[in-house]
Student: 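Here's a structure for you.
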Amino acid sequence: MDTGILILRLLVGLLVTGHGVQKVSSHLGGRGLRGGTAEFRADGFRGGALTALAAGGGQIGSGLLLAAGLLTPLAATGVIGVMTVALTVKWRHGLWVQNDGYEYPLVLIGTASALAATGPGARSLDAALGLTPYPLWWAALALAAGLGSGLLTRLVLHRPAAPEPAEH
């Protein structure tokens, strides 16, 4: 079981980290901070470079923590938060990823939630530091705080669409 959790943590944590790196740099196929800023503006978010830096930094930090199995409930909260924002952006396209839907962010939210519930496993920094096992209520708190922070981010930073001009 610990090997499976390790593989899952590394896969999800490093993918989330990679997405963050892409938002703020030209590494891993990213378009740099300018490209990350343009992406958020195109999705209707205000804040420019600061929004891209916050999102990229949140993904890098939470992804690395999750991969390392360090402060796992906090790492899961960060992943859930940034992926909730992504889910809200893709919601209008439906579920399936081939239509630019929210399937992928939903899988990452579910995986981070599951890792918060199971814990990081024996091959983790949490275990090495004696921080595990986390009580199950940490998973519920991580899910609630992650969803809440993602939805609050959407509410605060997203500009409403401009109304269509009326035809005369």
Side-chain angles (χ1 to χ4, degrees), residues 5-118 120 138-162:
I5 291 173
L6 173 65
I7 292 168
L8 192 59
R9 267 194 5 252
L10 288 172
L11 177 66
V12 171
L14 294 176
L15 284 173
V16 170
T17 300
H19 278 280
V21 168
Q22 289 177 325
K23 282 187 177 45
V24 299
S25 76
S26 59
H27 298 291
L28 303 177
R31 297 178 300 156
L33 186 56
R34 183 172 288 147
T37 300
E39 177 186 346
F40 278 98
R41 286 191 176 140
D43 288 336
F45 286 87
R46 57 177 67 99
L50 185 57
T51 300
L53 278 171
Q59 287 177 313
I60 292 167
S62 61
L64 289 175
L65 287 174
L66 195 66
L70 179 60
L71 304 174
T72 301
L74 178 65
T77 301
V79 170
I80 293 165
V82 295
M83 289 300 116
T84 297
V85 174
L87 186 147
T88 67
V89 169
K90 297 183 174 299
W91 183 263
R92 62 189 167 95
H93 301 288
L95 175 63
W96 302 113
V97 74
Q98 69 265 25
N99 298 322
D100 197 30
Y102 61 90
E103 175 185 359
Y104 183 63
L106 183 61
V107 167
L108 293 177
I109 290 167
T111 304
S113 299
L115 286 168
T118 63
W138 274 103
L141 183 62
L143 180 60
L147 291 173
S149 67
L151 293 173
L152 183 62
T153 298
R154 172 72 182 216
L155 180 67
V156 170
L157 292 180
H158 195 263
R159 295 182 296 253

Student: Between Leu95 and Leu106, is a side chain to side chain contact (heavy atoms under 4.5 Å, CB included) present by the stated rule, with each step listed?
Tutor: CA-CA 9 Å; Leu95 175 63; Leu106 183 61; 4.1 Å; yes

Student: Leu65 pairs by side chain to side chain contact (heavy atoms under 4.5 Å, CB included) with which of Thr17, Leu70, Ile60?
Tutor: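 With Leu65 as partner, Thr17, Leu70, Ile60 yield a single side chain to side chain contact (heavy atoms under 4.5 Å, CB included), made by Leu70.
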
Student: Start with the C-alpha gap between Tyr104 and His19, add the side-chain angles, then the distance that decides, and say whether side chain to side chain contact (heavy atoms under 4.5 Å, CB included) holds.
Tutor: CA-CA 12 Å; Tyr104 183 63; His19 278 280; 3.6 Å; yes

Student: What closest approach, in Å, do Gly58 and Ser62 show between heavy atoms, and which atom pair accounts for it?
Tutor: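 Smallest interatomic distance, heavy atoms only, reads O-OG, 2.6 Å.
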
Student: Give the minimum heavy-atom separation between Ala76 and Ala112, together with the two atoms involved.
Tutor: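 Result for this residue pair: CB-O, 3.4 Å.
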
Student: Output, in order, the C-alpha distance, side-chain angles, deciding distance and verdict of side chain to side chain contact (heavy atoms under 4.5 Å, CB included) for Asp43 and His158.
Tutor: CA-CA 8 Å; Asp43 288 336; His158 195 263; 5.7 Å; no

Student: Within this structure, what is the CG-OG1 distance for the pair Leu50 and Thr37, rounded to the nearest 0.5 Å?
Tutor: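 Taking CG in Leu50 and OG1 in Thr37, the distance rounds to 9.5 Å.
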
Student: Distance from Leu14 atom CG to Arg9 atom CZ, nearest 0.5 Å?
Tutor: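 Rounded to the nearest 0.5 Å, the CG-CZ separation comes out at 10.0 Å.
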
Student: Atom CG of Leu152 and atom CG of Leu157: how far apart are they, to the nearest 0.5 Å?
Tutor: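 Those atoms lie 8.5 Å apart.
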
Student: Any chance you could measure Leu108, atom CG, to Leu15, atom CG, to the nearest 0.5 Å?
Tutor: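 Leu108 CG to Leu15 CG: 7.5 Å, rounded to 0.5 Å.
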
Student: With side chains defined as the heavy atoms from C-beta onward, is the minimum distance between Val85 and Phe45 less than 4.5 Å?
Tutor: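 Result yes, sub-4.5 Å side-chain heavy-atom pair found.
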
Student: Contact between Met83 and Val107 at the side-chain level, heavy atoms closer than 4.5 Å - yes or no?
Tutor: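 No - every pair of side-chain heavy atoms lies 4.5 Å or more apart.
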
Student: Within the side chain of Gln22, is there an N or O that forms a donor-acceptor pair under 3.5 Å with the backbone of Gly29?
Tutor: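 Pair absent, no side-chain N/O of Gln22 close to backbone of Gly29.
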
Student: Hey, could you give me the OG1/CD1 distance between Thr84 and Ile80, rounded to the nearest 0.5 Å?
Tutor: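 Going from the OG1 atom of Thr84 to the CD1 atom of Ile80 covers 7.0 Å.
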
Student: Kindly compute the distance separating CG (Leu8) from CG (Leu115), expressed to the nearest 0.5 Å.
Tutor: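 Nearest 0.5 Å value for the CG-CG distance: 4.5 Å.
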
Student: Using every non-hydrogen atom in the two residues, find where Val24 and Ala52 come nearest and quote the distance to one decimal.
Tutor: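 It is CG1-O, 3.7 Å.
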
Student: Quick one: closest heavy-atom pair of Lys90 and Gly101, and the distance?
Tutor: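 Taking Lys90 first and Gly101 second, the nearest heavy atoms are CD-O, 3.3 Å.
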
Student: Is the number of heavy atoms from other residues, nucleotides or ligands within 6.0 Å of CZ (Arg46) greater than 12?
Tutor: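 Yes, because the 6.0 Å sphere around CZ of Arg46 holds more than 12 heavy atoms from other groups.
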
Student: Looking only at heavy atoms, which two atoms of Ala145 and Thr77 are closest? And how far apart?
Tutor: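 Where Ala145 meets Thr77 most closely, the heavy atoms are CB-CG2, 3.8 Å.
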
Student: Provide the closest heavy-atom pair for Pro73 versus Ala142 in the form atom of the first, atom of the second, distance.
Tutor: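 Reported closest heavy-atom pair: O-CB, 3.6 Å.
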
Student: Does Ile5 form a side chain to side chain contact (heavy atoms under 4.5 Å, CB included) with Thr118? I'd like the steps, not just the answer.
Tutor: CA-CA 8 Å; Ile5 291 173; Thr118 63; 4.0 Å; yes

